[in-house]
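No experiment lies behind these values; they were computed from the predicted model shown.
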Amino acid sequence: MIEIQRPGLLTTVQDGGRKGYQAYGVPVCGAMDWLSLARANLLAGNAWDEAALEITGLGPAVQFSESCAFALAGADFSAALNGRPLAAHGAYLAHRGDLLELGAARNGFRGYIAFSGGMDLPEIMESRSTCLSAQFGGFEGRALKKGDRIGLRAPQFWLRGLPKRQLRENCSFEGPVRVVPGPQDGCFSQAGLETFFSSEYRLGSQCDRMGCRLEGANIALKESCSPNILSDGVVMGSIQVPNGQPIVMMADRQTTGGYVKLGTVISADLPLMAQKRPGDKVRFTCVTVQEAQQIRLQCLRRLRNLEQELERGDLW
């Protein structure tokens with residue numbers, strides 16, 4: 001079992017998401033940075049999409065009531081176990097009474113703590129993710145508070161060479177965010193599209209797990225088009241443009257929306273958006289569906305290679 005001694009800015013339980021229920025109006029939720037969640041879980045010996053703690057901006061303090069292996073991934077929160085600094089992407093062993101403390105994010109904005117064997121929380125619609133808007137899932141449907149206690153399903157407390165189980169790969173959150181145009185890109189003027197793909201945008205103060213409101217150059221529609229459409233499906237990464245300014249929809253997005261969508265951030269680059277904080281700047285570049293698919297496959301190959309390396313003990 002673990003106990004939250006300090007909750008941090010926003011710490012929730014998130015996994016791979018609540019898939020297959022959008023048709024019923026249920027948000028997918030899940031990890032904002034799916035790639036860091038997968039890395040943390042692989043380091044901890046779990047399935048890629050196992051539930052973990054997602055931390056935002058300022059990390060929590062977690063005390064262990066039993067021995068357990070855990071892993072960190074995502075942004076660097078200057079983690080320390082009983083005062084001993086830990087690398088941002090590695091697996092570690094905690095004993096009863098040990099205290100894991102995370103500070104402010106130094107690069108990126110979100111990190112993940114995965115516990116070997118997973119957390120003992122009920123599945124709701126095949127997921128343990130917290131849905132903050134509807135207040136269900138995760139731990140009582142809310143962000144964690146001081147004094148919360150979470151059981152561990154099958155804690156593993158011995159892994160050979162565990163302190164050396166760290167990622168060799170450099171995890172960078174920089175670079176342009178790639179976008180596939182559509183489905184309503186035809187509603188925008190050519191000048192409007194060129195503006196979006198050539199301008200730098202800034203994340204405004206209204207950025208959270210639902211979406212990132214961007215501030216920058218105005219994106220022009222065709223004279224014959226309106227920003228309002230009949231509501232249709234919204235996916236993670238959909239870029240809505242309700243008033244000339246783009247909004248990138250994220251994990252806790254609504255299931256449908258009635259604004260024109262210029263494009264969709266490719267799945268491999270959603271972690272880049274998830275790791276940006278209010279005030280950060282971002283640029284976008286255009287790719288085709290085929291290019292997006294190839295990039296996705298390359299990303300999955302790297303994860304499978306990591307999984308195989310860990311199984312062989314190459315990172316131990």
Side-chain angles (χ1 to χ4, degrees), residues 10 12 14 16-34 54 56 110 125 127 129-137 141 177-189 192-193 195-197 199 201-274 276 278 282 284-287 289 292 296:
L10 177 66
T12 61
Q14 300 295 343
R18 194 163 279 107
K19 298 170 183 174
Y21 294 93
Q22 278 187 282
Y24 308 103
V26 180
V28 176
C29 302
M32 288 280 281
D33 180 349
W34 69 269
E54 179 180 273
T56 304
R110 291 181 172 88
M125 286 176 274
S127 172
S129 280
T130 308
C131 182
L132 293 171
S133 59
Q135 299 180 351
F136 72 91
V177 173
R178 290 164 288 193
V179 170
V180 173
Q184 287 96 32
D185 54 313
C187 292
F188 296 87
S189 68
L193 293 173
T195 294
F196 176 74
F197 286 112
S199 300
Y201 288 87
R202 174 183 172 275
L203 273 72
S205 58
Q206 296 184 50
C207 289
D208 54 23
R209 283 184 47 86
M210 286 194 69
C212 299
R213 288 182 177 269
L214 306 181
E215 300 170 350
N218 206 60
I219 304 167
L221 290 166
K222 291 179 178 177
E223 291 185 2
S224 59
C225 291
S226 164
N228 300 302
I229 60 171
L230 289 175
S231 291
D232 62 4
V234 175
V235 300
M236 189 169 180
S238 289
I239 303 172
Q240 292 185 331
V241 188
N243 58 358
Q245 299 289 288
I247 306 172
V248 182
M249 309 311 296
M250 299 301 286
D252 286 1
R253 66 198 177 276
Q254 71 273 22
T255 57
T256 62
Y259 295 120
V260 288
K261 293 178 286 296
L262 182 153
T264 305
V265 174
I266 68 173
S267 61
D269 284 0
L270 288 171
L272 298 183
M273 287 303 305
K276 294 191 179 297
V282 59
F284 299 93
T285 186
C286 182
V287 296
V289 171
R296 168 78 174 182

*Asks:* Report the residues that fulfil side-chain hydrogen bond (donor to acceptor under 3.5 Å, both in side chains) with Asp33, sequence neighbours left out, ordered by chain and then residue number.
*Replies:*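 Asp33 satisfies side-chain hydrogen bond (donor to acceptor under 3.5 Å, both in side chains) with Ser36, Gln275 only.
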*Asks:* State, with a plain yes or no, whether a side-chain heavy atom of Val179 is found less than 4.5 Å away from one of Val287.
*Replies:*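 No, side chains not in contact.
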*Asks:* Provide the closest heavy-atom pair for Cys286 versus Pro181 in the form atom of the first, atom of the second, distance.
*Replies:*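 Between these two residues, the closest heavy atoms are SG-CG, 3.4 Å.
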*Asks:* Looking only at heavy atoms, what is the nearest atom pair of Tyr201 and Pro246, with distance?
*Replies:*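 Closest heavy-atom pair between Tyr201 and Pro246: CE2-CD, 3.9 Å.
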*Asks:* Is the side chain of Gln240 donor-acceptor paired with the backbone N or O of Val248 at a distance under 3.5 Å, no angle test?
*Replies:*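 Such a contact is absent between Gln240 side chain and Val248 backbone.
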*Asks:* If only atom types and distance count, is the side chain of Asp185 paired as donor or acceptor with the main-chain N or O of Phe188 below 3.5 Å?
*Replies:*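 Side chain of Asp185 to backbone of Phe188, a donor-acceptor pair under 3.5 Å: no, none is there.
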*Asks:* In sequence, state the C-alpha distance, the side-chain angles, and the governing distance for Val177 and Met273, and then conclude on side chain to side chain contact (heavy atoms under 4.5 Å, CB included).
*Replies:* CA-CA 8 Å; Val177 173; Met273 287 303 305; 3.9 Å; yes
*Asks:* Quick one: does Cys29's side chain get under 4.5 Å of Arg209's, heavy atoms only?
*Replies:*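 Yes. Closest side-chain heavy atoms under 4.5 Å.
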*Asks:* According to salt bridge (Lys or Arg N to Asp or Glu O under 4.0 Å), who are the partners of Arg202, at least two apart in sequence or on a separate chain?
*Replies:*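 Here the qualifying residues are Glu215.
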*Asks:* Got a sec, which pairs hit salt bridge (Lys or Arg N to Asp or Glu O under 4.0 Å) with one end in residues 216-225, sequence neighbours left out?
*Replies:*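 Salt bridge (Lys or Arg N to Asp or Glu O under 4.0 Å) check on residues 216-225 returns no pairs.
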*Asks:* Nearest 0.5 Å, please: how far is CD in Glu54 from CG in Leu10?
*Replies:*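 Answer for the CG-CD pair, Leu10 versus Glu54, is 7.5 Å.
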*Asks:* CD1 of Ile247 to CG of Leu262: how many Å apart, nearest 0.5 Å?
*Replies:*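 If we round to the nearest 0.5 Å, Ile247:CD1 and Leu262:CG are 12.5 Å apart.
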*Asks:* Got a second to check how far Thr195's OG1 is from Asn218's CG, nearest 0.5 Å?
*Replies:*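 The OG1 atom of Thr195 sits 8.5 Å away from the CG atom of Asn218.
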*Asks:* Check Cys131 against Arg18 and note the closest heavy-atom contact, atom names and distance.
*Replies:*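 Closest approach of Cys131 to Arg18: CB-NH1, 4.3 Å.
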*Asks:* Residues in ring pair (Phe, Tyr, Trp, His ring centres under 6.0 Å) with Phe136, at least two apart?
*Replies:*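 Expected list: none.
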*Asks:* So, Ser226 side chain and Asn228 main chain: donor-acceptor pair closer than 3.5 Å or not?
*Replies:*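 Yes, the answer is positive, given that a donor and an acceptor are paired below the 3.5 Å cut-off.
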*Asks:* Provide the closest heavy-atom pair for Pro242 versus Gln245 in the form atom of the first, atom of the second, distance.
*Replies:*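 Looks like CD-O, 3.5 Å.
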*Asks:* Regarding Arg110 and the six-membered ring of Trp34, is the cationic atom NZ or CZ under 6.0 Å from the ring centre and inside 45° of its axis?
*Replies:*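 Negative - Arg110 is either too far from the ring of Trp34 or too far off its axis.
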*Asks:* Atom CD in Gln206, atom SG in Cys212: separation rounded to 0.5 Å?
*Replies:*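 Reported to 0.5 Å precision, the distance equals 11.5 Å.
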*Asks:* Judged by atom type as modelled, is there a donor-acceptor pair below 3.5 Å linking the side chain of Tyr259 to the main-chain atoms of Ile229?
*Replies:*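 Absent.
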*Asks:* Among residues at least two apart in sequence or on other chains, which ones pass salt bridge (Lys or Arg N to Asp or Glu O under 4.0 Å) with Arg178?
*Replies:*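 Salt bridge (Lys or Arg N to Asp or Glu O under 4.0 Å) list for Arg178, sorted by chain: Asp269.
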*Asks:* For residues 231-238, tabulate all N or O donor-acceptor pairs below 3.5 Å that involve a side-chain atom, not counting sequence neighbours.
*Replies:*
{"unit_1": "Asp232", "atom_1": "OD1", "unit_2": "Lys261", "atom_2": "NZ", "d": "2.5"}
{"unit_1": "Asp232", "atom_1": "OD2", "unit_2": "Gln184", "atom_2": "NE2", "d": "3.1"}
{"unit_1": "Ser238", "atom_1": "OG", "unit_2": "Val235", "atom_2": "N", "d": "3.1"}
{"unit_1": "Ser238", "atom_1": "OG", "unit_2": "Val235", "atom_2": "O", "d": "3.1"}

*Asks:* Please work out whether the ring planes of Phe284 and Phe196 are parallel, tilted or perpendicular, with thresholds of 30° and 60°.
*Replies:*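 Parallel, since the angle between the ring planes stays under 30°.
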*Asks:* Can you name the nearest heavy-atom pair linking Val180 to Ala292, along with the distance?
*Replies:*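 That closest heavy-atom pairing would be CG2-CB, 3.8 Å.
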*Asks:* Nearest 0.5 Å, what's the CG-SG distance between Leu221 and Cys187?
*Replies:*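 Spacing of CG (Leu221) from SG (Cys187) equals 7.0 Å.
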*Asks:* Dump the intermediate steps for side chain to side chain contact (heavy atoms under 4.5 Å, CB included) on Thr255 and Val26, then the final yes or no.
*Replies:* CA-CA 7 Å; Thr255 57; Val26 180; 5.8 Å; no
*Asks:* Walk me through it: do Thr130 and Leu132 pass the test side chain to side chain contact (heavy atoms under 4.5 Å, CB included)?
*Replies:* CA-CA 6 Å; Thr130 308; Leu132 293 171; 3.8 Å; yes
*Asks:* For Ser133 and Pro27, which heavy atoms make the closest approach, and how far apart are they?
*Replies:*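 In this case the closest contact between Ser133 and Pro27 is OG-CG, 4.4 Å.
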*Asks:* Met249 and Met210: side chain to side chain contact (heavy atoms under 4.5 Å, CB included), yes or no, with the steps?
*Replies:* CA-CA 6 Å; Met249 309 311 296; Met210 286 194 69; 5.6 Å; no
*Asks:* Nearest 0.5 angstrom please: Ser199 OG to Leu214 CG, how far?
*Replies:*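 So the OG of Ser199 and the CG of Leu214 are separated by 11.5 Å.
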